[in-house]
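We name chains A, B, ... by the order of the sequence lines, and we start the count at 1 in each one.
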Amino acid sequence: MTAVLVAIVSLLVLGIAATLALDRRARGPLLLGTSFLYGSGVIFLILLGWSTVGLRWSLVGITIAALVIWSSIWFLTNKLPRPATADPRPVRPHWLDIATLLTLIGYALYATIAPLWEWDFWAIWGLKARVFLEHGGIDWRFLESQWNTFAHPDYPLLLPLNYDFVALLQGGWSDRWLGALNVAFGVALLCIVRGLASRESSTVPAALVTLTAASLAVSRYIGLAEGPLIAYGAAAVLFLRHGLLFDDDASWRHGAVLLGFAANVKNEGIAMMVAVAAALLVIKPRAILRLWPALALVAPWLILRTTHALPTDIATGSVSSRILYRLPFTAEILTFLARRLYEPWFWAAVLAGFLIAPAVQRRRESFVVLTTLVQLIFYVGSYYATPHDARWHVATSWSRLTDQIALPITYVVVLMLAKTVAGIESPDAEARPEQR
Amino acid sequence: MPIADRQTPTARRALALIALLAIVALRLEPQLLRFPFIDRDPIGRGLGVYPDRGVEQFPRFLQAVRERTNDGDSIVVVVPMMRWDDGYSYAYYRASYFLAGREVLPLVTSDDRAHEDNFRNARYIAAWRWNVPPGNRKIVWRGEGGMLLRRE
């Protein structure tokens, strides 16, 4: 357990330099949350780069590389003009935070109760990490082998390489406490949720939206990439929303970088990049250029994946013929999706809340709504294109996919409703005057 | 508050309050809130054996095979469940995890096609609850319900 905790603290410290380089005034939970996510992303890039140049991973080598990168970011960005958010409002605690804290404690105990047990952990995410650890780097022969397509060789490697960082720290493979990383990703996202909510609302709505987001930020699928994907993806969308609404440069930078890391977690993260770009294309086309860091971050993996010809299961065979075959069954597919929707009452309440909010507020949130809708279209579209039995594919993935997109839309609906309850119709006003 | 702001109609506010409370209530996870206060040992024990429920001996067998083979060795896994969806996929995936670093080869793939060439070419055969005639292979080890054979 010590090694995992040391790894989490190391990632946090490693990421502080990156956070402050993007936003010099980041403080409190927002600094904590972004630092962990950046630390995790940076260690992924170090291990990926190390492996790509053909060096064998070693703890000493990786530590030196991390220190060099940390120092470089720190000293180089210190000399540049100081980028900072326009609104570094402090976060104040509230008694509702006790329930949030209790949820997180319960989750932490659950996530670390046993060696990781999920099938997809030991057949995909953990398997790759363990194989790479034995190999001392990314084992391209394993990924290219025809016998290992079950491990989804085309999936990006941020999570397996984070597991490898833990394994390097503990001097060997153990899956006993890796669930703690899941907890860290969830906590990091909640810190960001609380920090951002505090910038645009008073303490009660900020605490309420954090409590509501708590069970969405922590993935039920321990050891799988859902946890980090939700963390990076939701944080990216919320920062970009903040950047759009409040014209905040620091939020744009955070959003673009986090989006790039989301694309390095799962293929759905790459789809999310496209969804965000599509939403911006409708709302503010020129702003798409501000997403360049996301593209720069995902490019190395896309190039490596292409050069090693790693197969994507959904693209095997004739995708168009499968889509054409299933199109006449659209009613059946959508009915099946509706029947298999996880937590339908929650989604109904979110939809109702969205419709109840004043139109001016709904229009204001069009970025998050459009991003969520486009991502949803991608997910539903994948069931038309899948080479597997569509019912099986829905049954084994639909609840995970809806979990991935739930947090940002819930965040905006809760804040809209809080403002409406407080009798505020202007979208730019705070949800409630600060209680002192 | 800006002057342009105005009070939202009461009905909308009431509906908003109901929707807000509903969303918050539906997102509270009683299981997680209760988790710190319950006896977690049975849950931990259950999840600890969850991947191998019913075949708890199999991971011990794989661990023993791991201890007797080296990185880069090719190994095929023979089990009684020789159809993909009847259990071979589990055995193959599980072996790939426990025997990371070795080259684990399947005898059956997801289309239920047999790959006898893998049986012939692999350096080791890890047979669990299945009697493989040694032929020109040497039995390296027996135990945990199976045996490990090496091609001579």
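- Here the CG atom belonging to A:Leu133 is positioned 11.5 Å from the CG atom belonging to A:Asp139, to the nearest 0.5 angstrom.
- At a 4.5 Å heavy-atom cutoff, the contact between A:Ala357 and chain B is made by backbone atoms alone.
- Not less than 6.0 angstrom separates the ring centroid of A:Phe121 from the ring centroid of A:Tyr221.
- Contacts of B:Leu99 with chain A are absent, with no heavy-atom separation under 4.5 Å from either backbone or side chain.
- Residues A:Tyr110 and A:Trp117 bring their aromatic ring centres within 6.0 Å.
- When B:Ser110, B:Pro36, B:Gly46 are compared by the number of non-hydrogen pairs under 4.5 Å with chain A, B:Pro36 comes out ahead.
- Contacts between A:Thr149 and chain B at a heavy-atom distance below 4.5 Å are absent for every atom of the residue.
- A:Asp313 and A:His388 are linked by a side-chain donor-acceptor pair at a separation below 3.5 angstrom, with hydrogens and angles left out of the test.
- Heavy atoms closer than 4.5 Å to chain A are found nowhere in B:Arg34, neither backbone nor side chain.
- Interface remark: B:Thr109 contributes side-chain atoms only to the contact with chain A (heavy atom separation under 4.5 Å).
- Heavy-atom proximity under 4.5 angstrom to chain A picks out nothing from residues 140-152 of chain B.
- The contact between A:Glu343 and chain B is made entirely by side chain atoms (from C-beta outward), counting heavy-atom distances below 4.5 Å.
- Contact of A:Trp122 with chain B is made through backbone and side chain together, with heavy-atom distances under 4.5 Å.
- Residues B:Tyr97 and A:Asp175 have side chains that bring a donor and an acceptor to within less than 3.5 angstrom of each other.
- Under the 4.5 Å side-chain criterion, counting only non-hydrogen atoms from C-beta, A:Ile222 is not in contact with A:Leu178.
- Comment: A:Arg194 engages A:Asp97 in a salt bridge, judged by a side-chain N to carboxylate O separation of less than 4.0 angstrom.
- Interface check for chain A: of the options B:Ala14, B:Ala22, B:Pro106, the most heavy-atom pairs under 4.5 Å are formed by B:Pro106.
- Centroid-to-centroid, the aromatic rings of B:Trp128 and B:Phe58 come within less than 6.0 Å.
- Most heavy-atom pairs under 4.5 Å with chain B: of the set A:Ala114, A:Gly353, A:Ser145, A:Ser215, this distinction falls to A:Ser215.
- A:His94 places a side-chain N or O within 3.5 Å of a backbone atom of A:Leu96 that can act as its donor or acceptor partner.
- The closest donor-acceptor contact from the side chain of B:Asn118 to the backbone of B:Leu105 lies at 3.5 Å or more, if one exists at all.
- Here the closest non-hydrogen pair linking B:Tyr93 and A:Ala123 is CD1-CB, 3.9 Å.
- Chain A forms the most heavy-atom pairs under 4.5 Å with one residue out of B:Val24, B:Ile23, B:Asp52, and that residue is B:Ile23.
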Show your working on salt bridge (charged side-chain N to carboxylate O under 4.0 Å, His left out) between A:Arg391 and A:Asp389 and close with a plain yes or no.
-> CA-CA 6 Å; A:Arg391 283 174 184 272; A:Asp389 174 65; over 6 Å; no
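- Ranked by heavy-atom pairs under 4.5 Å with chain A, the first of B:Ile38, B:Leu26, B:Leu32 is B:Leu32.
- Among A:Val131, A:Thr103, A:Thr410, the residue making the largest number of heavy-atom pairs under 4.5 Å with chain B is A:Thr103.
- For the options B:Ile43, B:Val104, B:Leu28, B:Leu33, heavy-atom pairs under 4.5 Å to chain A are most numerous at B:Leu33.
- Relative to the ring axis of B:Tyr90, B:Arg94 does not place its NZ or CZ within 45° and under 6.0 Å from the centre.
- Proximity of A:Phe132 to A:Leu143: side-chain heavy atoms (C-beta onward) are separated by under 4.5 Å at one or more points.
- A donor-acceptor pair shorter than 3.5 Å can be found between the side chains of B:Arg102 and B:Thr69.
- The six-membered or imidazole ring of B:Phe35 lies away from that of A:Tyr107, with a centre-to-centre distance of 6.0 Å or more.
- Between chain A and the residues B:Glu29, B:Gln31, B:Glu103, B:Arg40, the largest count of heavy-atom pairs under 4.5 Å involves B:Arg40.
- Heavy atoms closer than 4.5 Å to chain A are found in the side chain of B:Tyr92, but not in its backbone.
- Between chain B and the options A:Leu216, A:Val350, A:Ile105, A:Val218, heavy-atom pairs under 4.5 Å are most frequent for A:Leu216.
- Using a 4.5 Å heavy-atom cut-off against chain A, the contacting residues of residues 72-89 of chain B are B:Ser89.
- A ring-centre distance under 6.0 Å is not found for A:Trp347 and A:Tyr342.
- The aromatic ring centroids of A:Trp147 and B:His115 lie less than 6.0 Å from each other.
- Heavy-atom distances place no part of A:Val209 under 4.5 Å from chain B, backbone and side chain included.
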